[in-house]
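Okay, so here's the structure we're looking at.
Residue numbering restarts at 1 for every chain, and letters A, B, ... go by the order of the sequence lines. Remember, it's a predicted structure, so these values are computed and weren't measured experimentally.
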2 protein chains.
Amino acid sequence: MVKQPKAVRPLTHGQVWAALDRLAERAGLSPSGLAKRAGLDPTTFNKSKRITGDGRERWPSTESVSKALAATNASIETFVALIGDGGRTGQAVPMIGFEQAGTAGLFDDSGFPSGKGWDEVALPTIHDEHAYALEIEGDQMKPAYREGDIIVISPGTPIRRGDRVVLRTAGGEMLVKELKRRSARTLELGSLNPELADRILDAEEVAWIARIVWVSQ
Amino acid sequence: MVKQPKAVRPLTHGQVWAALDRLAERAGLSPSGLAKRAGLDPTTFNKSKRITGDGRERWPSTESVSKALAATNASIETFVALIGDGGRTGQAVPMIGFEQAGTAGLFDDSGFPSGKGWDEVALPTIHDEHAYALEIEGDQMKPAYREGDIIVISPGTPIRRGDRVVLRTAGGEMLVKELKRRSARTLELGSLNPELADRILDAEEVAWIARIVWVSQ
DNA sequence: TCGATTTGAGGTAATAATTCCTAGAAATGT
DNA sequence: ACATTTCTAGGAATTATTACCTCAAATCGA
């Protein structure tokens with residue numbers, strides 16, 4: 001399946017204020033209590049002040065946000081997490097399709113991205129608190145994985161056909177495979193090494209199975 | 001291990017402006033160019049406007065920040081990453097060698113890590129603000145990279161033999177290769193697809209070369 | 001229940017951020 | 001080398017955010 005580059009949604013007026021509300025709530029404060037504790041006027045964060053008389057949106061200054069963070073002993077990262085509309089979280093980096101990358105004007109002389117046309121993609125493992133990593137030893141999984149590579153596994157992520165997976169058999173064997181087919185009764189597993197044969201496992205033989213989401217190089 | 005409560009350093013005036021500067025730089029813009037593109041007055045982000053005549057710090061409004069982010073197609077997470085003062089660390093996950101992973105007692109019944117013996121490894125590129133991503137299109141790089149995979153490139157990272165790299169030739173061609181040998185005059189590049197031949201490039205033909213650090217699956 | 005405190009709306013005043021303007025410096029294109 | 005554009009400093013004018021004030025409603029404690 002083709003991964004969809006996540007469209008970057010702009011930071012909205014409502015999100016900023018919602019984050020301030022949540023920041024206050026998390027500290028057991030009302031919006032006015034938070035403003036007071038931050039050394040600001042208690043009405044600064046009033047809901048009635050978020051839209052001006054003529055219907056224009058009023059945004060807080062970064063200074064006010066900074067003071068609110070300091071007052072609740074929270075970091076800017078926390079603030080961003082509180083913006084959380086579900087779609088966000090995690091560091092994002094500029095991304096572009098490989099074919100497009102060949103066109104001129106997308107990189108500067110040093111190979112850093114520049115210019116227009118870049119999308120963004122979130123590095124996804126950030127929100128998976130159960131993620132863990134395995135270090136590859138030996139060359140059985142070449143050329144996909146080489147000795148010293150680190151594979152990041154996300155045991156909570158759903159698995160689809162075509163995903164690369166780590167699984168443990170009932171007998172305690174650890175396998176790294178590509179999931180070719182999955183039925184109610186069996187799993188068909190392709191080898192990463194093209195010289196090795198595929199393998200079919202009974203579903204009952206599988207203790208657990210988890211998806212590989214990232215690989216270091 | 002008991003988690004230490006992280007000492008929260010407040011968000012500073014300098015960090016906010018530094019992040020805006022880096023945001024502009026990443027988009028190949030000057031501070032005034034960024035302001036202009038954001039629909040603001042070009043002098044809004046002038047260094048001369050960051051401190052008022054009487055020495056007081058001037059902070060931008062969240063609205064201006066939001067507009068700057070929209071203008072560069074960046075998310076608030078990116079902005080926070082650009083604040084990066086080095087002290088902020090990325091998420092770390094438990095790691096263990098693949099061979100050891102087969103031994104008993106390291107996973108619970110659901111496949112989550114448990115027990116002792118786990119190391120820690122930091123997740124992708126949190127520290128590299130220049131990192132970017134390319135989405136793989138087509139199957140020329142199978143089996144290492146498949147259509148839809150996202151490769152994360154770190155142009156600042158030093159390159160060693162055996163690393164997988166992205167490079168651009170003087171002619172504008174983009175290549176994904178494995179660096180086999182590098183001398184003062186030439187680069188010997190192995191193909192990721194074993195059916196394709198290696199390639200030797202003159203050092204002068206290479207516009208830039210950057211290391212691939214992570215791959216999504 | 002009753003006073004004390006907090007909360008939030010709604011207004012005006014004060015202060016701060018942004019815009020508009022000018023001019024010189026730096027970068028860019030021809 | 002020249003013209004053109006971009007960039008930035010600095011100042012005044014404008015607009016927006018915050019502070020200050022009052023009042024009614026809600027909340028809290030005794």
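Taking only side-chain nitrogens and oxygens, A/R56 comes nearer than 4.0 Å to OP1 or OP2 of D/dT17. Side-chain N/O atoms of A/S32 include one lying less than 4.0 angstrom from OP1 or OP2 on C/dG8. Of the side-chain N and O atoms in B/S30, one or more sit less than 4.0 angstrom from OP1 or OP2 of D/dT8.
In this structure, CG of A/L20 is placed 16 Å from C1' of C/dG8, rounded to the nearest angstrom. Rounded to a whole Å, the NZ atom of B/K47 is 12 Å from the C1' atom of D/dA9. Rounded to a whole Å, the CH2 atom of A/W59 is 21 Å from the P atom of D/dT15. With rounding to whole Å, B/E25 atom CD is found 14 Å from D/dC7 atom P. For B/N46 and C/dC20, the CG to P distance is 14 Å, given to the nearest whole Å. The NZ atom of B/K36 sits 11 Å away from the P atom of D/dT5 (whole-angstrom rounding). Protein atom CD of A/E57 is 14 Å distant from nucleotide atom C1' of D/dA16, rounded to whole Å. For the pair A/I51 CD1 and C/dG8 C1', the computed distance is 16 Å after rounding to whole Å.
Taking the C1' atoms of five terminal pairs at each end of the helix from C/dT1-D/dA30 to C/dA13-D/dT18, the two resulting helix axes are inclined by 20°, rounded to 10°.
Inter-residue side-chain proximity for A/W59 and A/W17 is flagged as unmet; no heavy-atom pair is nearer than 4.5 Å. Using a 4.5 Å heavy-atom threshold, the side chains of A/Q15 and B/S66 count as separate. Contact of the B/K47 side chain with the B/D21 side chain is registered, since non-hydrogen atoms from C-beta on lie closer than 4.5 Å.
Between A/D54 and A/T44, the residue anchored closer to the 5' end of DNA chain D is A/D54, taking for each the nucleotide with the nearest heavy atom.
Using a 4.0 Å heavy-atom distance criterion, A/K49 is classed as a base contact. Residue A/T43 is in base contact, counting any heavy-atom pair closer than 4.0 Å across all strands shown. Among the atoms of the strands shown, none is found under 4.0 Å from any heavy atom of A/P42.
Here the side chain of B/S48 is nearest to one of C/dT6, D/dA19, D/dA9, namely D/dA9. Closest contact between the side chain of A/D41 and the listed nucleotides D/dC7, D/dC20, C/dT7 involves D/dC20. Taking every side-chain heavy atom of A/L40 into account, D/dA19 is the closest of D/dA19, D/dA9, C/dT7.
Contact detail for A/L179 and A/R160: the closest heavy-atom pair is CD2-O, 3.9 Å.
A salt bridge is absent between A/D41 and A/K49: the closest approach of a Lys/Arg side-chain nitrogen to an acidic carboxylate oxygen does not fall below 4.0 angstrom. A salt bridge links A/R146 and B/E178; the closest N-O separation between the charged side-chain nitrogens and carboxylate oxygens is under 4.0 Å. With salt bridges taken as basic N to acidic carboxylate O contacts below 4.0 Å, one links B/R181 and B/E188.
For B/R182, there are no side-chain hydrogen bond (donor to acceptor under 3.5 Å, both in side chains) partners, not counting sequence neighbours.
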